[in-house]
Amino acid sequence: MTLTDDAARTYELDRRHVFHSWSAQAGLDPMVVTRAAGSYVWDGEGNRLLDFSSQLVNTNIGHQHPDVVAAIAEQANKLATIAPQYANDVRSEAARLIAERAPGDLDRVFFTNGGADANEHAVRMARLATGRPKVLSRYRSYHGGTQTAINLTGDPRRWPNDAANAGVVHFFGPYLYRSHFHAQTEAEECERALAHLEQIIELEGPQTIAAVLLEAIPGTAGIMVPPPGYLAGVRELCDRYGIVLIIDEVMTGFGRTGAWFHSATEGVVPDLLTFAKGVNSGYVPLGGVLIGERIAEHFAHRPYPGGLTYSGHPLACAAAVAAINVMDRDVIVENALGIGLEVIAPGLSQLAERHPSVGEVRGLGVFWAIELVSDRNTRTPVAPTGGSSPIMAQAMSTAKSLGLLLFINSNRLHVVPPCTISPSEAQEGLDILDKVLSRVDDLVDEANSPSGA
């Protein structure tokens, strides 16, 4: 098939005028998307693809949910924009709904435009409240593309942006499959990872550390679910040394793991919690910082030196109110949990048994990673950290040719469909993944053969 006339025009203008993120511009060949509905998108040739990526792991309620689209249109007709210094009904209601679902005393919301600036402001709040300069964040993490956020990030995308002056110190988090701590069990990995973090705190000087920033579950970096007790252990270390705990739930929040917030399922209440993405499924850009009593009290009688023109934009907040109400009404969070337990987990386990290129599968809810290796014994990844390879490129193109959009990073295929996905749609995606992995197996065999490339 070929592009329709409209799609061809879209592609032409894109390549002429649009500067794409994280990419060398000359080699790009972006897929044209003409429409979307539910769990599917349509490309410029009229092909329907199952969206197992949720775009950038953010369309938690699926594409074009009619209630949310209607709420945005209604708000646009009522009040399209208003500056953040005024009180506004839909902004207030969005803050209430978000705070009610947050763990512990996280009762106030500072609205941002997305996850990166949420992390920027959370770090600023922590530094101002403690008077300390440093922030600790883990390797194998992602916190956003703005200047502070990219320096907080623990993957190779940080390197070109890292001038070594951001006051960030990185440490190793738990990752049993590739344990830095030579652990054999989750309990060992947890204990040794916490001991490592405490040593970093002691060597850096607790009196210099404003915050520890952690993704509740590292997402882009590999969906490594922390072992039981790890987040609670970090909370205890922060309390012991007077350090602010910031948990980044930009990707995990609002149903992705089968819970409103993963930190709450671990019984952990951070001082600050950042969110975005699933709060309104990206229909209008929105993020924010949930603020606990310790930080709120610091700014009770002194100004917070930060703000955004579009903080709490009424169209974005209307989308959030509608999305959260829909998630409650249609038990979407529970659906994500059930799909994970009943369809994705057993399905991926079966795929791992059938395909020798699968080193490990891991995840929760609708938040899973398949780690691809060329040798299960050595656990050799088929692509470098932060990079790609011909095998991964073939995996992506094979999936697309079979009608499946995947989120791919390094040597991993991420299974991250909308929280609204049905059992039959999830099974459809797994069936296509089976064929994709067969192709990967063949490519690994070719590469490993004496005459292989």
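Owing to the predicted nature of the structure, the values given are computational and were not obtained by experimental measurement.
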cation_pi(R138, F171) dist<6.0 Å, angle<=45: no

CG on D271 to NE2 on H298, rounded to 0.5 Å: 13.0 Å

Min side-chain heavy-atom separation V234-L197 under 4.5 Å: yes

Steps toward side-chain hydrogen bond (donor to acceptor under 3.5 Å, both in side chains) verdict (T153, D155): CA-CA 6 Å; T153 289; D155 77 23; 5.8 Å; no

Considering all heavy atoms, the nearest A183-L176 contact: O-CD1, 3.7 Å

Nearest atoms (heavy-atom pairs only) where L433 meets V415: CD1-CG2, 3.6 Å

F110 and H121 aromatic ring geometry - parallel, tilted or perpendicular at 30°/60° bounds: tilted

S137: which of V123, V168, V212 passes side-chain contact (heavy atoms from CB on, under 4.5 Å): V168

Minimum heavy-atom distance between G229 and C190, given as atom pair plus value: C-SG, 3.8 Å

Short side-chain to backbone donor-acceptor contact, S349 and A345, under 3.5 Å: no

Short side-chain donor-acceptor distance under 3.5 Å, R132 and Q207: no

R235 (side chain) donor-acceptor with G267 (main chain) under 3.5 angstrom: no

4.5 Å side-chain heavy-atom contact, V366 and V416: no

Derivation and outcome, side-chain hydrogen bond (donor to acceptor under 3.5 Å, both in side chains), residues N113 and H313: CA-CA 8 Å; N113 300 324; H313 193 283; over 6 Å; no

Distance (rounded to the nearest 0.5 Å) between H170 NE2 and L213 CG: 9.0 Å

V41 vs L405 side-chain heavy atoms within contact, under 4.5 Å: yes

Validation row: M251, I217 side chains within 4.5 angstrom (heavy atoms): no

Side-chain (S389) to main-chain (V382) donor-acceptor, under 3.5 angstrom: yes

Side-chain touch P30/D14, heavy atoms, less than 4.5 angstrom: yes

Heavy atoms from other residues, nucleotides or ligands near CD of Q25 exceed 12 (cutoff 6.0 Å): yes

cation_pi(R362, W368) dist<6.0 Å, angle<=45: no

Lys NZ or Arg CZ of R91 over F111 ring: under 6.0 Å, within 45°: no

Side chains of E215 and S141, donor plus acceptor under 3.5 Å: no

E371/R178 ion pair, N-O < 4.0 Å: yes

Under 3.5 Å: donor-acceptor pair, side chain of H65, backbone of A323: no

Closest approach of P226 to L231 (non-hydrogen atoms, all atoms of both residues): CG-CG, 4.3 Å

Distance, nearest 0.5 Å, that separates NZ of K277 from CG of L286: 13.0 Å

Modelled atom types, side-chain donor and acceptor of D434 and H355, under 3.5 Å: yes

Side-chain H-bond candidate by donor/acceptor type, S449 with E446, under 3.5 Å: no

Stepwise side chain to side chain contact (heavy atoms under 4.5 Å, CB included) test for L406 and L404: CA-CA 6 Å; L406 286 173; L404 187 68; 3.8 Å; yes

CA sep, side-chain torsions, deciding dist, call: F261, F254, ring pair (Phe, Tyr, Trp, His ring centres under 6.0 Å): CA-CA 6 Å; F261 295 103; F254 298 94; 5.1 Å; yes

Residue pairs, two or more places apart or on separate chains, that pass ring-ring contact (aromatic ring centres under 6.0 Å, His included) and touch residues 180-217: F172-H180, F172-H196, F181-H196

Residue pair Y241, E198: steps toward the side-chain hydrogen bond (donor to acceptor under 3.5 Å, both in side chains) verdict: CA-CA 10 Å; Y241 292 104; E198 183 166 22; 2.8 Å; yes

Step-by-step side chain to side chain contact (heavy atoms under 4.5 Å, CB included) determination, L3 to Y11: CA-CA 9 Å; L3 292 174; Y11 184 88; 4.2 Å; yes

V361 versus A352, closest heavy-atom pair with distance: CG1-CB, 4.4 Å

4.5 Å side-chain heavy-atom contact, L28 and R15: yes

Flag for N161-N151: side-chain donor and acceptor within less than 3.5 Å: no

Side chain N280, main chain A316, donor-acceptor under 3.5 Å: yes

Ring pair (Phe, Tyr, Trp, His ring centres under 6.0 Å) against H63, all qualifying residues, sequence neighbours excluded: none

Trace of the side chain to side chain contact (heavy atoms under 4.5 Å, CB included) decision for D43 with V33: CA-CA 4 Å; D43 70 12; V33 175; 5.7 Å; no

Side chain T148, main chain E120, donor-acceptor under 3.5 Å: no

Criterion side-chain hydrogen bond (donor to acceptor under 3.5 Å, both in side chains) on E249 and T274, from CA distance to verdict: CA-CA 6 Å; E249 296 240 26; T274 59; over 6 Å; no

Minimum-distance pair of heavy atoms, taken over all atoms of A166 and R127: O-NH2, 2.8 Å

Trace of the side chain to side chain contact (heavy atoms under 4.5 Å, CB included) decision for Y230 with L194: CA-CA 7 Å; Y230 179 73; L194 289 170; 3.7 Å; yes

Any F367 side-chain heavy atom under 4.5 Å of T252 side chain: yes

Contacts of E204 that satisfy salt bridge (charged side-chain N to carboxylate O under 4.0 Å, His left out) - sequence neighbours left out: K134

N/O donor-acceptor pair under 3.5 Å between S357 side chain and L372 backbone: no

Student check: side-chain heavy atoms of W260 and V333 closer than 4.5 Å: yes

Under 3.5 Å donor-acceptor, S179 side chain and Y175 backbone: no

Test item: side-chain donor near acceptor, S54 and R256, under 3.5 Å: yes

Expected output: side-chain S39 to main-chain D51 donor-acceptor under 3.5 Å: no

Distance-only donor-acceptor check, side chains T380 and D375, under 3.5 Å: no

Enclosure of E191 CD (heavy-atom neighbours >12, cutoff 6.0 Å): no

Straight-line distance of R108 CZ to I98 CD1, nearest 0.5 Å: 15.0 Å

Donor-acceptor contact present, side-chain S281 to main-chain Y283, <3.5 Å: no

